[in-house]
Amino acid sequence: MSEEKKPMKGQRSVKSMEAAKTASKYQKEWFFGLQDRVAGGEPFAYINADVPLEILRAMDIPFVVNQWWAAICSAKQMSPRYFNFLRENGYRDDLCSYCATAFAGSMDPVPEQGPWGGLPRPTLAITRLTCDSQGRIFELLAQKYGAKFYPIENTIPTIAPDRWWEKAPDNWEELYESERLDAAVEELKGFIRFLEMETGRMFDENQLIKVMNLINEQEGYYKKARDLIADTVPAPVTIADTVNAVMQAQWQRGTQWAADHARKFYEEIKAMVDTGHKACPNEKIRLMWIGRGLWFNLGFYQYFEKKYGAAFIWSMYLAMGADAYIRNHVEDDPLRALAARFIGMEDFLHMPPWNAQWFVSEARHNKIDGVVYLVPENCMQAVEGSYFITKRLEDAGIPVLQLRADPVDARKWNQETMTEAVETFLQDRIIGKGEKR
């Protein structure tokens, strides 16, 4: 099967900010550089998105993030090829696609045909134990590549404070129980020891402080951009513009390039607002997309603009950058600040009522008329909280459409069925109720 395939019927081309083009170009060049480093004998880590990558960044250990690689493989139309290998090798091919893409790709007899020459062979495979399936998939991937597998323990909250996003930057001890933070700091120390022993590179706390402060700078610009989009009607950009620009730079966080890119991203949106640019000039309906990006078909988000004036203006990628990452007072205790960043990601994204309350707050902030919620049935983390999220939004008067679809496996997507579902939702639940701006 070839890497590329023709666009889906009804799929429109994706708009692109300069920031998105810049991010894509940089990411490709960075990846080629990473391949050269690995070919030269450097260690290489394949990690899950909720792993504290700041440690690897501070130690200058090359890494690729699982979710980014799955998105790239999907965007390059490689997922059908890879998931067929699962079936051919005796595995179920309906494993969680985000987690299993690299494992499936490891079975490719010609791995260099993968995106940009394929994923280098990892020497380290690292995940957090937030999901039983995810842990096992990473362990199998490590075995396939001959890499060292390192699992990081996950803890769960026993409290659910209101409006976590207001407490996250400064009030860590109030947001999390102190013993939970204590446990996370010890996990970080163990992780550092593992990396030092496996790579021969030494951890430098001053370098971590620099990394953490660069991330605060980057996410600060995302916060300004998120708020600007929320406050501007019609919106200057939609998620078709912003998702790639933000998502790719998030995996470079902790670098000067990522902080500079976030500033330029915000400045580009601010210039659009100042000049009166409108992403959807006939905007009548503002939509929220909850869930992972539809990576193989980003043009889907634009399809409803001309006919209905319905613009997808919110996704979790920019909003999570704005609310979930910033941790101030890093110099006081950098490991505890980092612990306070990464231990809450699972809560914020998948744990009701943490996530449901935030979604409602963001919907109101962004003047959202309706929500389209992508629920991948092969990911229990996503499925288990979907009822509570939907109910909380509906109780707040915000209609929700659940789309049962896979974000990276194009084999399971039916363009006509999904388009019809969104159109019916717009007509019956939003337009039919007279909810027009």
Got a second to check how far [X]'s [atom1] is from [Y]'s [atom2], nearest 0.5 Å?
| X | Y | atom1 | atom2 | value |
| --- | --- | --- | --- | --- |
| Q402 | F425 | CD | CZ | 11.0 Å |
| I152 | I126 | CD1 | CD1 | 6.5 Å |
| L401 | I290 | CG | CD1 | 11.5 Å |
| N355 | F348 | CG | CZ | 11.0 Å |
| M418 | E416 | CE | CD | 11.0 Å |
| L318 | I229 | CG | CD1 | 5.5 Å |

Measure from the side-chain N and O atoms of [X] to the backbone N and O of [Y], and report whether any donor-acceptor pair falls under 3.5 Å.
| X | Y | value |
| --- | --- | --- |
| R128 | F342 | yes |
| N48 | V65 | no |
| N366 | I368 | no |
| R57 | R253 | yes |
| W295 | G293 | yes |
| D260 | W257 | no |
| R286 | D369 | no |
| W172 | P169 | yes |
| E331 | I209 | no |
| E394 | V400 | yes |

Quick check: closest heavy atoms across [X] and [Y], and the distance to 0.1 Å?
| X | Y | result |
| --- | --- | --- |
| A168 | R327 | O-CD, 3.2 Å |
| Y373 | I389 | OH-CD1, 3.3 Å |
| Y325 | N216 | O-OD1, 4.1 Å |
| A249 | Q218 | O-NE2, 3.3 Å |

For the residue pair [Y] / [X], report whether a side-chain donor-acceptor contact shorter than 3.5 Å exists.
| X | Y | value |
| --- | --- | --- |
| T238 | Q302 | no |
| W413 | Q415 | yes |
| Y308 | Q427 | yes |
| D170 | H329 | yes |
| E305 | N282 | no |
| W314 | E362 | yes |
| W358 | D323 | yes |
| R136 | Q134 | no |

### Query
Does R180 pair with D347 as a salt bridge, N-O distance under 4.0 Å?
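So R180 pairs with D347 through a salt bridge.
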### Query
Would K210 and E205 pass as an ion pair if we require N to O under 4.0 Å?
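Not counted as a salt bridge, because no side-chain N and carboxylate O are separated by less than 4.0 Å.
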### Task
Go through the steps for E173 and R336 under the test salt bridge (charged side-chain N to carboxylate O under 4.0 Å, His left out), then give the verdict.
CA-CA 10 Å; E173 304 298 332; R336 200 167 186 83; 2.8 Å; yes
### Query
Given V51 and N66, is the side-chain contact (heavy atoms from CB on, under 4.5 Å) satisfied, shown in steps?
CA-CA 10 Å; V51 167; N66 177 42; over 6 Å; no
Do the non-hydrogen side-chain atoms of [X] and [Y] ever get within less than 4.5 Å of each other?
| X | Y | result |
| --- | --- | --- |
| L335 | I55 | yes |
| V273 | L228 | yes |
| P151 | F138 | no |
| M320 | M345 | yes |

### Message
If you apply the rule side chain to side chain donor-acceptor pair (under 3.5 Å), what do you find for N154 with E346, and how did you get there?
### Response
CA-CA 9 Å; N154 181 54; E346 184 65 20; over 6 Å; no
### Task
List the steps and the verdict of ring-ring contact (aromatic ring centres under 6.0 Å, His included) for F63 and W68.
CA-CA 11 Å; F63 62 87; W68 172 76; over 10 Å; no
### Query
Only one of L124, L56, L34 clears side-chain contact (heavy atoms from CB on, under 4.5 Å) with P62; which?
L34
### Task
Give the intermediate values and the outcome of ring-ring contact (aromatic ring centres under 6.0 Å, His included) for residues F103 and Y82.
CA-CA 9 Å; F103 176 53; Y82 286 158; over 10 Å; no
### Task
Output every pair passing ring-ring contact (aromatic ring centres under 6.0 Å, His included) with a member in residues 265-284, not counting sequence neighbours, ordered by first then second residue.
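Listed by first then second residue: Y222-F265.
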### Worked check of salt bridge (charged side-chain N to carboxylate O under 4.0 Å, His left out) between K223 and E219
CA-CA 6 Å; K223 186 177 182 69; E219 311 303 339; over 6 Å; no
Using the test side-chain hydrogen bond (donor to acceptor under 3.5 Å, both in side chains), find all partners of [X] that sit at least two apart in sequence or belong to another chain.
| X | value |
| --- | --- |
| W354 | none |
| K278 | none |
| Y301 | W289 |
| T275 | none |

[atom1] of [X]: more than 12 outside heavy atoms within 6.0 angstrom?
| X | atom1 | answer |
| --- | --- | --- |
| E177 | CD | yes |
| K270 | NZ | no |
| I159 | CD1 | yes |
| D274 | CG | yes |

### Message
As a quick check of understanding, evaluate salt bridge (charged side-chain N to carboxylate O under 4.0 Å, His left out) for R341 and E54, giving each step before the final call.
### Response
CA-CA 10 Å; R341 174 180 291 154; E54 292 83 348; 2.9 Å; yes
### Message
Please enumerate all residues that pass side-chain contact (heavy atoms from CB on, under 4.5 Å) together with S133, with sequence neighbours excluded.
### Response
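Here the qualifying residues are C131.
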### Task
Check the pair Q27, Q252 against side chain to side chain donor-acceptor pair (under 3.5 Å), reporting the backbone distance first and the verdict last.
CA-CA 9 Å; Q27 199 78 347; Q252 297 294 342; 3.1 Å; yes
